[in-house]
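Before any comments, here is the structure.
Residues take their numbers from the sequence shown, with the count starting at 1.
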Amino acid sequence: MSGATINLLYFARVAELVGKRDEAWPLAEPATGAQLLDALQARYPQLEPAARLKLAINQTHAKPSAPIRPGDEVAIFEPVTGG
């Protein structure tokens with residue numbers, strides 16, 4: 001199915017680095033969170049290392065191995081540290 005996309009949401013520092021809060025991202029077939037992070041780093045080198053970033057798929061925290069399908073909403077954010 002061509003023209004399929006996912007909706008990416010960027011939060012906090014990630015939004016600052018990419019210069020936007022959200023964008024439609026082409027995704028014609030299922031991919032993993034890790035593949036998405038690699039693609040994001042290729043488009044936005046300032047995110048390096050993108051593998052450190054966290055994902056939520058359809059408002060549920062997800063591991064990098066989680067599948068992402070066309071139509072999903074994916075939030076990208078920095079890891080939260082305690083102190």
Side-chain angles (χ1 to χ4, degrees):
M1 167 170 140
S2 68
T5 62
I6 57 175
N7 186 32
L8 295 182
L9 305 175
Y10 303 118
F11 291 92
R13 180 94 175 115
V14 177
E16 292 173 19
L17 288 171
V18 300
K20 57 184 93 174
R21 307 267 314 149
D22 58 58
E23 73 177 304
W25 186 274
L27 185 77
E29 58 189 48
T32 65
Q35 289 170 319
L36 174 63
L37 290 174
D38 287 347
L40 278 169
Q41 183 173 308
R43 182 178 289 181
Y44 303 113
Q46 63 272 34
L47 292 177
E48 189 175 353
R52 78 187 191 291
L53 300 174
K54 300 296 182 186
L55 302 170
I57 301 171
N58 298 322
Q59 301 181 4
T60 301
H61 284 270
K63 295 182 178 187
S65 59
I68 299 172
R69 295 175 180 85
D72 283 349
E73 176 187 83
V74 182
I76 313 283
F77 51 95
E78 293 272 357
V80 177
T81 58

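- Residue Val14 is grouped with residue Trp25 when hydrophobic side chains (ILVMFWY) are merged at heavy-atom distances under 4.5 angstrom, including chains of intermediate members.
- The OH atom of Tyr10 sits 11.0 Å away from atom CG of Leu17, with the distance rounded to the nearest 0.5 Å.
- Shown here for Pro70 and Pro30, the closest heavy-atom pair between the two residues is CD-N, 4.2 Å.
- Looking at residues two or more places apart in sequence or on another chain, you find no side-chain hydrogen bond (donor to acceptor under 3.5 Å, both in side chains) involving Arg69.
- Each of Leu8, Thr5, Ile68, Leu36 was scored for a side chain to side chain contact (heavy atoms under 4.5 Å, CB included) with Leu27, with one residue passing: Ile68.
- Contacts classified as side chain to side chain donor-acceptor pair (under 3.5 Å) and involving residues 46-59 (residues at least two apart or in different chains) are given here: Arg52-Glu78, Asn58-Asp72.
- At a threshold of 4.5 Å between side-chain heavy atoms, the hydrophobic network of Ile, Leu, Val, Met, Phe, Trp and Tyr places Phe11 and Ile57 in two separate groups.
- Nearest heavy atom pair, residue Ala62 against residue Ala66, reads CB-CB, 3.8 Å.
- Taking the side chain as every heavy atom from C-beta outward, Ile76 and Leu55 approach each other to under 4.5 Å.
- In terms of hydrophobic clustering, with Ile, Leu, Val, Met, Phe, Trp and Tyr side chains grouped at heavy-atom distances under 4.5 Å, Val18 and Leu53 are assigned to a common cluster.
- Applying the ring pair (Phe, Tyr, Trp, His ring centres under 6.0 Å) test to residues at least two apart or on different chains, the pairs with a partner in residues 31-76 are His61-Phe77.
- Atom-to-atom distance recorded for Arg43:CZ and Asp38:CG is 14.0 Å, nearest 0.5 angstrom.
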